[in-house]
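Residue numbers begin at 1 in each chain, while the letters A, B, ... track the order of the sequences.
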Amino acid sequence: MTTPQKPRGTQDMMGEQAARFDHVVETFNRVRKLYGFGRVEVPVFESTAVFARSLGETTDVVSKEMYSFEDRGGDSLTLRPEFTAGIARAYIENGWQQHAPMKLATWGPLFRYERPQKGRFRQFHQLDAEVLGAAEPAADVEVIALAAQLLAELGVDDRVVLQLNTLGDAETRAAWRDGLVAHFSAHLDVLSPESRERLAKNPLRILDSKAEGDKVLVADAPRIDAYMTAEAGAFFEALQKGLQASGVDFVRAEALVRGFDYYRHTAFEFVTDALGAQGTVIGGGRYDGLIGAMGGPETPAVGWAGGIERLAMLVAEPLTGSVVAVVSNGPEQDDLARDCLLKLRRAGIAAEMAYRGNAKRQIEVAKKRGSSAIVIVRGADADQPVHVQQLSDAADPSQLLAVLAGGAA
RNA sequence: GCGACCGUAGCUCAAUUGGUUAGAGCGCCGGUUUGUGGUACCGGAGGUUGCGGGUUCAAUCCCCGUCGGUCGCCCCA
């Protein structure tokens, strides 16, 4: 077995799976335009420093989970593991602050060196929406409303719940963190080994520990609300009011946190229980500290990213059969059939004609492929030169006949 | 990095407790039937049972290793 195989954690897609993927991306592009989010393009690879800087002290992520390599000049480059850092880099480098506030969207492949499992790949794909240069809760509201409408239009909103939390401002966050450390340190004996590790590196993460023993401790851990400054409280209040006014349902998730210090205020995830251990389909929050931490001007920002593969798994099977099959009844009718094909396509109707096979075979194949209608071309001499057989509601026979009755294409 | 489970035809899966020539459906190719159309039937091609070793008279089946896959843990930007 020496034939090449795809790298672990990558995927080939065709047919229904690719159609679902495509449907998610198309829907996203349509909806983000509705909200006035322009397309942004950033490189698939960046200087390693771009991500190392944004991911900061979490050494595991930087050293073990990134696809990094040296180019021929000896520079360390990394395949992007997220969109936000690259967009922040572009914002700083190109002086986009002159355009603030910016509403940007993109989608594409991302790379993380992880063990593949359900809904987790090494090359995966995300949708991304960001608002840069806006400190107002209205930006958070709009970003979340965009996500909610996307999910609704994908028809998956009944299986997804919006979990919402606040991390407060920098002051709030620091105080809460200290409170949590104190609480868990007092119960070291019952804390799981993993969480004892987290206590030093990333105490907020203990809140979403899966260990049963930890859950008991988490239940009476101090709540962030007790540490909230007046400003942070007002921000969260405004966010919730804005969501209600936008018709977005949510539940408060007090244990929902972000590991990095540059996250402030809003944290949210759209979660489903239909995808095994990987329940988050869209996750986001406010990262007011990031652009400043990367050496740019202090810039408030909020955004989210959503897994295309995960969304595609939730989406109902997309409608197929919007293609009309043109069948030539014999070689003598091929030219006429080709003319029909041309007329349909120029009229904006998806149509195709088989490369080979007799009429009977072509009809069988067309039905099996789920064509919406079959146009059988019998020749100018026949009683009915062109016969239309409707196969699904997606086709309108009278419209097809009208198009085909037009002059030579 | 750790753990559990799984690798049989192009695809989805069978194969008694370890037993003789490893089967079926789908797909593909050919034929018959049908004859304005989603038919039925007949036939054919296609396998070193992931790979390597071991136990045994005998291994798809048991054991070890290896590679690959799935799911979970860790991590989750």
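When each of B/C71, B/U70, B/C74 is scored by its nearest atom to the side-chain atoms of A/Lys118, the top-ranked nucleotide is B/C71. Nearest to the side-chain atoms of A/Gln5 among the listed nucleotides B/G68, B/G37, B/G3 stands B/G68. The nucleotide whose nearest atom lies closest to any side-chain atom of A/Glu65 is, among B/C75, B/G72, B/C76, B/C75. Listed candidates were B/G37, B/C76, B/U70. Nearest to the side chain of A/Pro116 is B/U70.
Rounded to an integer number of Å, the gap from CZ of A/Arg120 to C1' of B/C75 is 6 Å. Whole-Å rounding puts the A/Leu391 CG to B/U36 C1' distance at 14 Å. Rounded to whole angstrom, the span from the CG atom of A/Asn329 across to the P atom of B/G35 amounts to 16 Å. Between the CZ atom of A/Phe124 and the P atom of B/C76 there is a distance of 14 Å, given to the nearest Å. As a whole-Å value, the separation of A/Lys201 NZ from B/C75 P is 7 Å. One interatomic measurement links the two molecules: CD of A/Glu82 to P of B/C76, which rounds to 13 Å at whole-angstrom precision. For the pair A/Asp214 CG and B/C74 P, the computed distance is 10 Å after rounding to whole Å. The CZ atom of A/Arg115 sits 18 Å away from the P atom of B/C76 (whole-angstrom rounding).
A close approach under 4.0 Å does not occur between any side-chain nitrogen or oxygen of A/Asn202 and OP1 or OP2 of B/C75. Contact check, A/Gln362 against B/G37: no side-chain N or O comes under 4.0 Å of OP1 or OP2. Residue A/Arg8 places at least one side-chain N or O closer than 4.0 Å to OP1 or OP2 of B/G68. OP1 or OP2 of B/U70 has not a single side-chain nitrogen or oxygen of A/Gln117 nearer than 4.0 Å. Between A/Lys210 and B/C74 there is a side-chain polar atom (N or O) within less than 4.0 angstrom of OP1 or OP2.
B/G38 makes up no base pair with any nucleotide shown, lacking Watson-Crick or G-U wobble contacts both under 3.5 Å. Checking B/U33 for Watson-Crick or G-U wobble geometry (two distances, each under 3.5 Å) identifies no partner in any strand. Pairing for B/A4 goes to B/U70, judged as Watson-Crick or G-U wobble with the two contacts each under 3.5 Å. Under the Watson-Crick and G-U wobble criteria, each requiring two contacts below 3.5 Å, nucleotide B/U55 is left unpaired. Under the Watson-Crick or G-U wobble criterion, with both distances below 3.5 Å, B/G25 is paired with B/C11.
Counting any heavy atom pair closer than 4.0 Å across all strands shown, A/Tyr287 reaches no nucleic acid atom. At the heavy-atom level, A/Gly276 lies under 4.0 Å from the strands shown only through sugar-phosphate atoms. Using a 4.0 Å heavy-atom distance criterion, A/Arg198 is classed as a sugar-phosphate-only contact. Across all strands, A/Ile374 comes closer than 4.0 Å to no nucleic acid atom at all (heavy-atom distances). When heavy atoms are screened at a 4.0 angstrom cut-off, A/Glu114 is found touching base atoms of the nucleic acid.
To the nearest whole angstrom, the two C1' atoms, one in B/G69 and one in B/U8, are 15 Å apart. Taking atom P on both B/C26 and B/A40, the two are 9 Å apart, rounded to the nearest angstrom. Comparing the C1' positions of B/C74 and B/A4 gives an interatomic distance of 15 Å, to the nearest angstrom. Between the P atoms of B/C6 and B/C64, the separation comes to 13 Å (whole Å). To the nearest whole angstrom, the two P atoms, one in B/C67 and one in B/C29, are 39 Å apart. Annotation: B/G46 and B/G68 have their C1' atoms spaced 23 Å apart (nearest Å). Straight-line distance between the C1' atoms of B/U33 and B/U60: roughly 40 Å, to the nearest whole Å. The gap from the C1' atom of B/U16 to that of B/A22 amounts to 14 Å, rounded to the nearest Å.
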>> Between A/Leu132 and A/Ile87, is the side-chain contact (heavy atoms from CB on, under 4.5 Å) condition met? List the steps.
In response: CA-CA 9 Å; A/Leu132 304 173; A/Ile87 293 173; 3.8 Å; yes
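When each of A/Pro7 and A/Ala277 is assigned the nucleotide of RNA chain B with its nearest heavy atom, A/Pro7 is the one assigned upstream, toward the 5' end. Take the nearest nucleotide of RNA chain B for A/Phe121 and for A/Arg310: the residue whose nucleotide is more 5' is A/Phe121.
Of the possible donor and acceptor atoms, one in the side chain of A/Asn165 sits under 3.5 Å from a partner among the backbone N and O of A/Glu254. Here the side chain of A/Asp128 pairs no donor or acceptor atom with the backbone of A/Ala105 at under 3.5 angstrom.
Salt bridge status for A/Asp225 with A/Arg223: absent, with no side-chain N to carboxylate O gap under 4.0 Å.
Classified by interplanar angle (parallel below 30°, tilted 30° to 60°, perpendicular above 60°), the ring pair A/His183/A/His187 is tilted.
The local environment of CG in A/Asp249 is sparse, with at most 12 non-hydrogen atoms from other residues, nucleotides or ligands closer than 6.0 Å.
In this structure, a donor-acceptor pair under 3.5 Å is absent between the side chains of A/Gln97 and A/Thr299. Side chains of A/Asp334 and A/Ser328: a donor on one and an acceptor on the other come within 3.5 Å.
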